[in-house]
Amino acid sequence: MSAFWFIPIGFLVGTYGTLIGAGGGFLLVPLLIFLFPQDSSSAITAASLAVICVNATSGAFAYARMRRISYKTGLLFAAATIPGALVGSYLTRFIPRREFGILFGILLVGVAVFLAVSRGRRGRDAKQASDAPRRWPVVDTVIDREGRSYPLSYSVPLGMGISLLVGLFSSLVGIGGGLIHVPVLTYLFGFPVHLSTATSHFVLIFTSLAGVVEHLLDGTWPRHLPRDACLALGVVGGAQLGAFLSRKISASWIIVGLAVALGLVGVRLVLTAF
């Protein structure tokens, strides 16, 4: 298979991953496993992280132009997620992967069903004013390109604690933290969906970069540099399209896209455990 075929593949991964704020690793990893069965799981994960790091950077630039990123939230969450991922990597040698994968997969499917059912009630669009009652003090305020102001209130200790767990669990089962960060920001902390996806994508820059550095140091990346370079080239353009489409697609449909991604990952975790 010519490496150039991976450019359109990367484009599709970048578009969908950026649109829902999840990076696209949930699509890329099973695809690489199918196409390169001879590669170790660590080598495939390393390649996916490198591509997703490029995707996250490209998408974050696009979302930055729209002024949809809460940089303070992103930096706080990244500071907690990275140590969690390192701890998760260490714990993989002690925790039974099969049983954990089944339980976590069932949990993700349950979350996917919840998101799909509740999308009409809870999926707020970035065009709506952020006037919901606040349980916590305002931590950051985002003013988008159209001049709309969104005061973001949440508990910093709770948010960082959840991010620590997101990093830990993501590392244990090999999924991107964006799949969990987006529903947490939207449903627990009341972020408008378009701000949740943009901020989650910003967090992915740091978490994926940390994973790439780890795999560079242990020698598991790069193994197929021309392939990875073509994938990266594709996701750069795909990320720009995904960010553009986020302006055209309603929040409820972005939630549906996220639910589909969570469901696919959950089913994959359960099936691969047997």
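Hydrogens, waters and symmetry mates are skipped; everything else that's a heavy atom, side chains included, is used.
Counting only distance, with no hydrogens or angles, the side chain of Gln240 and the backbone of Gly59 share no donor-acceptor pair below 3.5 Å. Side chain of Ser246 to backbone of Ala243: a donor-acceptor contact under 3.5 angstrom is found. The main-chain N or O of Gly21 is found under 3.5 Å from a side-chain atom of Ser200 such that the two form a donor-acceptor pair. Thr15 places a side-chain N or O within 3.5 Å of a backbone atom of Gly238 that can act as its donor or acceptor partner.
Side-chain contact check for Arg68 versus Thr199: every heavy-atom pair is 4.5 Å or farther apart. Side-chain atoms of Arg268 and Ile33, non-hydrogen and from C-beta on, do get closer than 4.5 Å to each other. Between Thr45 and His215, the closest side-chain pair of non-hydrogen atoms falls below 4.5 Å. By the 4.5 Å heavy-atom criterion applied to side chains, Met66 and Asp144 are not counted as neighbours. For the pair Leu152 and Val139, the minimum side-chain heavy-atom distance is 4.5 Å or more. With a 4.5 Å cut-off on side-chain heavy atoms, Leu35 and Phe6 count as touching. With contacts defined as side-chain heavy-atom distances shorter than 4.5 Å, the pair Leu188/Ile162 qualifies. Leu241 is not listed as a side-chain neighbour of Tyr16, based on a closest heavy-atom distance of 4.5 Å or more.
Val182 is connected to Leu168 through a chain of hydrophobic side-chain contacts under 4.5 Å among Ile, Leu, Val, Met, Phe, Trp and Tyr, so both are in one cluster. Two different hydrophobic clusters hold Leu12 and Ile249 under the rule that ILVMFWY side chains link at heavy-atom gaps under 4.5 Å. When the side chains of ILVMFWY residues are joined at heavy-atom separations under 4.5 Å, either directly or via intervening members, Leu165 and Leu185 end up in a single hydrophobic cluster. Phe114 and Val265 fall within a single hydrophobic cluster, where Ile, Leu, Val, Met, Phe, Trp and Tyr side chains are chained together by heavy-atom contacts under 4.5 Å. By the rule that hydrophobic residues join a cluster once side-chain heavy atoms approach within less than 4.5 Å of another member, Val184 and Leu76 end up as members of one cluster.
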For this session: Verify side-chain contact (heavy atoms from CB on, under 4.5 Å) between Trp136 and Leu158, making sure each step is shown before the conclusion.
Result: CA-CA 11 Å; Trp136 297 291; Leu158 178 61; 4.1 Å; yes
For this session: Could you please spell out the steps behind the side-chain contact (heavy atoms from CB on, under 4.5 Å) verdict for Val142 and Ile69?
Result: CA-CA 7 Å; Val142 174; Ile69 299 173; over 6 Å; no
Exercise. Run the side-chain contact (heavy atoms from CB on, under 4.5 Å) check on Arg247 and Arg145 step by step: do they pass?
Worked result: CA-CA 12 Å; Arg247 300 170 57 188; Arg145 193 165 61 184; 3.1 Å; yes
For this session: May I have the step-by-step check of side-chain hydrogen bond (donor to acceptor under 3.5 Å, both in side chains) for Asp140 and Thr73, ending in yes or no?
Result: CA-CA 7 Å; Asp140 194 15; Thr73 301; 4.7 Å; no
For this session: Test Phe11 against Ile7 for side-chain contact (heavy atoms from CB on, under 4.5 Å), laying out the working first.
Result: CA-CA 6 Å; Phe11 185 84; Ile7 296 177; 5.7 Å; no
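Side-chain contact check for Thr186 and Ser196: at least one donor-acceptor pair (N or O, by modelled atom type) lies under 3.5 Å. Side-chain contact annotation: Asp39 with His224, donor-acceptor N/O pair under 3.5 Å present.
Screening Thr197, Val193, Leu115, Leu19 for a side-chain contact (heavy atoms from CB on, under 4.5 Å) with Leu258, the sole residue that qualifies is Leu115.
For the atom pair CD1 of Ile9 and CG of Leu28, the computed distance is 8.5 Å after rounding to the nearest 0.5 Å. Rounding to the nearest 0.5 angstrom, the gap separating the CG atom in Leu179 from the CG atom in Leu264 is 10.0 Å. Taking CG of Leu262 as the start and CG of Leu108 as the end, the distance is 6.0 Å to the nearest 0.5 Å. Considering CG of Leu164 and CE of Met160, their distance stands at 8.5 Å, rounded to 0.5 Å. We find the CD1-CZ distance between Ile44 and Phe36 to be 8.5 Å, quoted to the nearest 0.5 Å. Ile254 CD1 to His194 NE2: the interatomic distance, rounded to the nearest 0.5 Å, is 3.5 Å.
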Residues 46-55, side-chain donor-acceptor partners within the protein, below 3.5 Å, at least two apart:
unit_1, atom_1, unit_2, atom_2, d
Asn55, OD1, Thr18, OG1, 3.1
Asn55, ND2, Gly23, O, 2.4

Show me the donor-acceptor pairs within less than 3.5 Å that the side chains of residues 225-234 make with the rest of the protein, sequence neighbours left out.
unit_1, atom_1, unit_2, atom_2, d
Asp228, OD2, Trp221, NE1, 2.9

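The two residues Thr141 and Ser149 come nearest to each other via the heavy atoms CG2-OG, 3.3 Å. Smallest separation of non-hydrogen atoms from Ala80 and Ser163: CB-CB, 3.9 Å. The nearest pair of heavy atoms linking Ala112 to Ala259 is CB-O, 3.2 Å. Smallest separation of non-hydrogen atoms from Ala210 and Ile82: CB-CG2, 4.0 Å.
Between Tyr63 and Phe202, a ring centre-to-centre spacing not shorter than 6.0 Å is recorded.
Counting non-hydrogen atoms of other residues, nucleotides and ligands closer than 6.0 Å to CZ of Phe206 gives a total above 12. In the displayed structure, Phe244 atom CZ is contacted under 6.0 Å by at most 12 heavy atoms of other residues, nucleotides or ligands.
Residues passing the side-chain contact (heavy atoms from CB on, under 4.5 Å) test with Val267, sequence neighbours excluded: Val109, Leu271.
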